[in-house]
Amino acid sequence: MKKVERPGKVYTTLDAYQAGFLALKGHVVEFIEQGDKIVFSFVSNDKLFKDLSDYSNGAIVEASKLAFAIKTLKSQIHSLRRSKNELSKARHCNCP
């Protein structure tokens with residue numbers, strides 16, 4: 001697993017719904033590639049743990065906002081993978 005170069009502790013999850021909820025609550029998400037999977041990473045702090053507790057206890061959020069947050073995360077993942085694939089192809093290209 002790649003280490004995130006960031007001071008302090010981090011919270012990671014594979015759960016896109018949880019990550020979308022946290023992003024909706026204003027937490028900045030970073031992506032860590034772990035093999036073929038993407039891990040969502042957040043700065044660990046008191047607000048994060050309060051929001052995680054709220055999520056676990058069935059916090060009520062507007063469905064369309066949560067859906068948009070999740071779609072945004074998925075779009076960012078696809079962009080990350082597309083960029084990685086294009087970079088890999090460029091390295092192997094025998095272009096003049």
Side-chain angles (χ1 to χ4, degrees):
M1 180 162 105
K2 285 186 180 179
K3 291 185 179 180
V4 176
E5 298 298 324
R6 192 186 312 155
K9 295 184 179 183
V10 296
Y11 172 80
T12 59
T13 183
L14 293 170
D15 186 339
Y17 294 97
Q18 186 181 71
F21 176 82
L22 293 173
L24 182 61
K25 291 296 186 175
H27 298 278
V28 176
V29 62
E30 291 193 22
F31 304 95
I32 301 171
E33 292 184 70
Q34 193 176 49
D36 290 338
K37 295 184 181 187
I38 297 291
V39 178
F40 304 101
S41 175
F42 300 89
V43 173
S44 183
N45 57 39
D46 290 341
K47 182 179 180 335
L48 177 88
F49 289 111
K50 182 200 177 304
D51 290 337
L52 285 170
S53 177
D54 291 347
Y55 177 81
S56 296
N57 290 313
I60 296 174
V61 295
E62 192 174 322
S64 61
K65 288 182 180 179
L66 181 59
F68 182 75
I70 294 166
K71 285 181 183 181
T72 300
L73 290 178
K74 288 184 177 186
S75 175
Q76 291 171 323
I77 290 169
H78 291 300
S79 292
L80 178 71
R81 288 186 172 156
R82 202 170 24 251
S83 295
K84 183 180 175 184
N85 287 340
E86 288 172 4
L87 181 61
S88 178
K89 287 178 185 177
R91 287 183 181 161
H92 293 92
C93 178
N94 291 329
C95 303

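Positions are given from 1 along the sequence.
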Counting C-beta onward and ignoring hydrogens, is there a side-chain heavy-atom pair between [X] and [Y] closer than 4.5 Å?
X: L48; Y: V43; answer: no
X: F40; Y: L22; answer: no
X: T13; Y: V39; answer: no

**Message:** For residues 50-70, which residue pairs pass the ring-ring contact (aromatic ring centres under 6.0 Å, His included) check, not counting sequence neighbours?
**Reply:**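 Every pair satisfying ring-ring contact (aromatic ring centres under 6.0 Å, His included) with a residue in residues 50-70: F21-Y55.
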Heavy atoms from other residues, nucleotides or ligands near [atom1] of [X] exceed 12 (cutoff 6.0 Å):
X: Y17; atom1: OH; result: no
X: K74; atom1: NZ; result: no
X: N57; atom1: CG; result: yes

Just how far is it from atom [atom1] of [X] to atom [atom2] of [Y], taken to the nearest 0.5 Å?
X: S56; Y: D51; atom1: OG; atom2: CG; value: 11.0 Å
X: S75; Y: R82; atom1: OG; atom2: CZ; value: 7.0 Å
X: I60; Y: L66; atom1: CD1; atom2: CG; value: 13.0 Å

**I38: side-chain contact (heavy atoms from CB on, under 4.5 Å) partners, not counting sequence neighbours** =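 Here the qualifying residues are F31, E33, I77, L80, R81.
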**Prompt:** Who pairs with K50 by side-chain contact (heavy atoms from CB on, under 4.5 Å), at least two apart in sequence or on another chain?
**Reply:**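 K50 satisfies side-chain contact (heavy atoms from CB on, under 4.5 Å) with D54 once adjacent residues are dropped.
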Specify the closest pair of heavy atoms between [X] and [Y], including all atoms of both residues, with the distance to one decimal.
X: K47; Y: K25; value: NZ-O, 3.2 Å
X: F42; Y: A23; value: CE2-N, 4.4 Å
X: V10; Y: S41; value: CB-OG, 3.8 Å
X: G20; Y: A69; value: O-CB, 3.5 Å

